[in-house]
Amino acid sequence: MIQLLERANKFKDRTALVSNAKSFSYEQLLHTAKKIAANLLREESELNESRIPFLIPPSFEYTAVQWAIWAAGGIAVPLCTLHPLPSIQYVLEDTEAEIVIAHDEYFDFLKPLETELGISVVSLVSILQENTSKLPEVTSARRAMILYTSGTTSKPKGVVTTHANIEAQITTLVNAWKWEKDDYILNILPLHHVHGIINVMSCALWSGACCEFLPRFEADKVWKIIKSGRLTLFMAVPTIYYKLISYWDDTSPEEQKKLSTAASKLRLMVSGSAALPVPVLEKWREVTGQNLLERYGMTEIGMGLSNSYRGERRPGHIGLPLPGVEMRLVDEDNNPVKENEPGEFQIKGPSVFKEYWQKPEATQKAFTRDGWFVTGDIGMLNDGLYKILGRDSVDIIKSGGYKISALEIEDTLRKHDFVDDCAVVGLPDEEWGEVVSACIVSEKTEIDFEKISNWLKEQLPVYKIPRNYILRKELPRNVLGKVTKNELKHYF
Ligand code: MCA
Ligand code: AMP
């Protein structure tokens with residue numbers, strides 16, 4: 001059996017998950033996962049890497065279904081609960097899935113896809129009946145999960161990881177951050193990305209610890225749980241720390257004291273998925289006494305670098321490669337750069353993904369000839385620790401910790417009748433890191449941008465919707481005709 005599931009046998013009576021105000025033991029989790037797995041198999045002996053997308057909010061049921069897919073030999077494809085139907089449809093088509101598992105809440109939402117795609121929408125309740133059929137042996141080299149990530153192409157690519165990749169991603173963090181069975185973590189992150197799935201949920205379950213789900217982030221609820229004193233660990237994107245600080249700023253001095261005292265007791269608080277602004281780090285230290293540990297990762301590699309658990313955590317830096325991660329910083333010809341010189345991070349090791357789903361060319365392009373994964377992140381070594389300086393592509397935007405392709409938004413916008421041409425950029429923002437901003441070229445002298453946003457929301461998730469718009473007669477271009485996005489940023 002897959003190690004993560006096998007290990008659950010060691011912690012049977014311990015609480016694995018807290019979900020919708022109920023506690024679930026490791027035994028309950030394993031039992032439920034096994035019966036769902038058996039139901040998924042029907043008459044087959046194993047799923048043979050069939051892609052099984054599922055749309056379930058963060059909950060006990062989410063984890064049980066993910067484990068079930070793994071136990072039955074399938075590839076888990078978690079879908080994003082914020083995505084409108086076209087974004088979901090893209091994933092279902094790209095994975096060529098034959099079924100999609102839907103939580104009650106999303107069953108009617110997905111149902112129209114049955115006729116459109118010929119896919120079978122399977123309700124969660126229908127796969128929950130007792131079933132003790134034999135489950136297959138699944139080796140660690142097998143494909144386990146596909147997570148969709150935006151890149152320098154218009155449409156997101158499916159990042160395929162094997163069970164061995166996932167185990168490497170988990171174990172390096174469990175060791176580096178000293179996870180223990182008495183740990184208790186709150187998950188407030190979406191469960192279709194590495195940060196929530198691996199760093200929070202799976203590290204907890206590997207360790208015999210407890211993971212509590214809050215289906216969506218709400219600052220007051222998070223502070224209430226911190227105040228309860230039950231957390232030992234907390235992990236989030238910088239925007240969440242910013243929002244928690246704003247909430248703290250708005251409470252009374254007496255309440256502030258209580259919140260601060262409670263937060264100071266956690267053993268570790270981690271920030272990642274986007275650059276942690278030094279003022280946010282400093283304010284958080286002032287508010288809670290906690291020195292945030294910043295780390296760097298990517299869907300394709302899991303976590304790559306981290307500041308130290310016991311040693312130095314330097315503001316504005318991402319630390320050193322984690323154990324098991326090989327890293328080099330190179331120039332455009334893949335030659336190593338010297339200290340204090342900018343270069344690109346390239347990564348090797350067991351945590352690095354297997355391939356982009358059915359995209360052999362993109363996969364080949366993502367690696368150097370000698371097997372280094374090319375991250376596209378630019379950084380340098382500064383006095384013994386690495387820091388990120390930026391990305392090599394202006395078309396990738398990081399907002400609220402989400403990676404967003406400007407090209408995908410542009411392609412969608414161009415389909416609108418009023419839009420002759422457009423360019424999308426990320427503008428720096430204290431709260432969101434960057435905010436999506438669009439320059440529209442149109443013959444019209446006036447455009448109702450709210451209407452454009454509402455139209456976009458039918459096709460793209462809320463975090464990809466532009467927050468700023470400008471209208472122009474043309475886009476700035478260089479002599480080769482390429483839009484000069486860095487110049488465009490100054491027009492907003
Ligand atoms: C939402 N709003 C935004 C954005 N998103 N405004 C500007 N930019 C945005 N990106 C607006 C909404 O329209 C709404 O506005 C208001 O904010 C509240 O929206 P809501 O959806 O409720 O937002 P939220 O729940 O407060 O979301 C903030 C969030 C979320 C919790 C920070 O963005 C989030 O979960 N981010 C984490 C993503 C993540 O897990 N990334 C990891 C991938 P109005 O009120 O006007 O309607 S990276 C990864 O996995 C790698 C491996 C790594 O290194 O970790
Ligand atoms: P994703 O593809 O959503 O997994 O996002 C990965 C990207 O997030 C990386 O390539 C980086 O650009 C960015 N990222 C993650 N952690 C950090 C960090 N600590 N500082 C700066 N950027 C980060």
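Just so it is clear, the structure is predicted and the values come from calculations on it, not from any experiment. Read the numbers this way: they start at 1 and go in the same order the structure lists the ligands and their atoms.
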With a 4.0 Å heavy-atom cut-off (strictly under), which part of [X] contacts ligand 2: side chain, backbone, both or neither?
{"X": "A275", "value": "both"}
{"X": "K398", "value": "side chain"}
{"X": "T375", "value": "neither"}
{"X": "S150", "value": "neither"}
{"X": "T149", "value": "side chain"}

What protein heavy atom sits nearest [atom], and how far away is it?
{"atom": "atom 10 (N) of ligand 1", "value": "S399 OG, 2.8 Å"}
{"atom": "atom 50 (O) of ligand 1", "value": "H195 N, 3.0 Å"}
{"atom": "atom 25 (O) of ligand 1", "value": "R216 NH2, 3.6 Å"}
{"atom": "atom 54 (O) of ligand 1", "value": "R295 NH1, 2.7 Å"}
{"atom": "atom 55 (O) of ligand 1", "value": "S273 OG, 2.5 Å"}

Pull out every atom of ligand 1 sitting under 4.0 Å from any heavy atom of [X], numbered as shown with elements.
{"X": "G401", "value": "41 (N), 42 (C), 43 (C), 48 (S)"}
{"X": "H193", "value": "43 (C), 50 (O)"}
{"X": "T299", "value": "52 (C)"}
{"X": "V462", "value": "13 (O)"}
{"X": "K398", "value": "48 (S)"}

Hey, is [X] touching ligand 1 through its side chain, its backbone, both or neither, going by heavy atoms under 4.0 Å?
{"X": "E218", "result": "neither"}
{"X": "E431", "result": "neither"}
{"X": "R467", "result": "side chain"}
{"X": "V194", "result": "both"}

Worksheet item: Is there at least one pair of N or O atoms, one from I240 and one from ligand 1, spaced under 3.5 Å apart?
Response: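 For ligand 1, there is no N or O atom that lies under 3.5 Å from one belonging to I240.
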If you count the atoms of ligand 2 from 1 in the order shown, which ones are under 4.0 Å from a heavy atom of [X]?
{"X": "I318", "result": "19 (N)"}
{"X": "M298", "result": "4 (O), 6 (C), 10 (O)"}
{"X": "K403", "result": "1 (P), 2 (O), 3 (O), 5 (O)"}
{"X": "E294", "result": "18 (C), 19 (N), 20 (N)"}

Worksheet item: Does a side-chain heavy-atom distance below 4.5 Å link K157 with Q358?
Response: no
Worksheet entry | Sub-4.5 Å side-chain heavy-atom contact between Y148 and H192 |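 In short, these two side chains do not touch, never coming nearer than 4.5 Å.
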Worksheet item: Taking the six-membered ring of Y402, is NZ or CZ of K464 closer than 6.0 Å to its centre and within 45° of its axis?
Response: no
Discussion item. So is K243 touching ligand 1 or not, going by heavy atoms under 4.0 Å?
Written reply: yes
I'd like to check [atom] in this structure: does the protein have a heavy atom lying under 4.0 Å from it?
{"atom": "atom 45 (O) of ligand 1", "answer": "no"}
{"atom": "atom 48 (S) of ligand 1", "answer": "yes"}
{"atom": "atom 36 (N) of ligand 1", "answer": "yes"}

Item to complete: Compute the minimum heavy-atom distance from R295 to ligand 2 and say whether it is under 4.0 Å.
Response: yes
Worksheet item: Is there a nitrogen or oxygen of E300 sitting under 3.5 Å from a nitrogen or oxygen of ligand 2?
Response: no
Practice prompt. Decide salt bridge (Lys or Arg N to Asp or Glu O under 4.0 Å) for D411 and K155; before the verdict, give the C-alpha distance in whole Å, the side-chain angles of both, and the deciding distance to 0.1 Å.
Written response: CA-CA 9 Å; D411 278 355; K155 289 290 184 199; over 6 Å; no
Worksheet item: Could you state the interatomic distance from OH (Y469) to CD (E450), rounded to the nearest 0.5 Å?
Response: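 If I round to the nearest 0.5 Å, the distance is 10.0 Å.
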Discussion item. As a check for students: among F217, Y241, W432, Y402, identify the option with a heavy atom nearest to atom 9 (C) of ligand 1.
Written reply: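 Answer by nearest heavy atom: W432.
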Worksheet entry | Shortest reach to atom 39 (C) of ligand 1 by a heavy atom, considering only P190, A219, G302 |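 Looking at heavy atoms only, P190 sits closest to atom 39 (C) of ligand 1.
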Discussion item. Is it the case that the side chain of D429 and the backbone of E431 share a donor-acceptor pair, with hydrogens and angles ignored and the cut-off at 3.5 Å?
Written reply: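 Yes.
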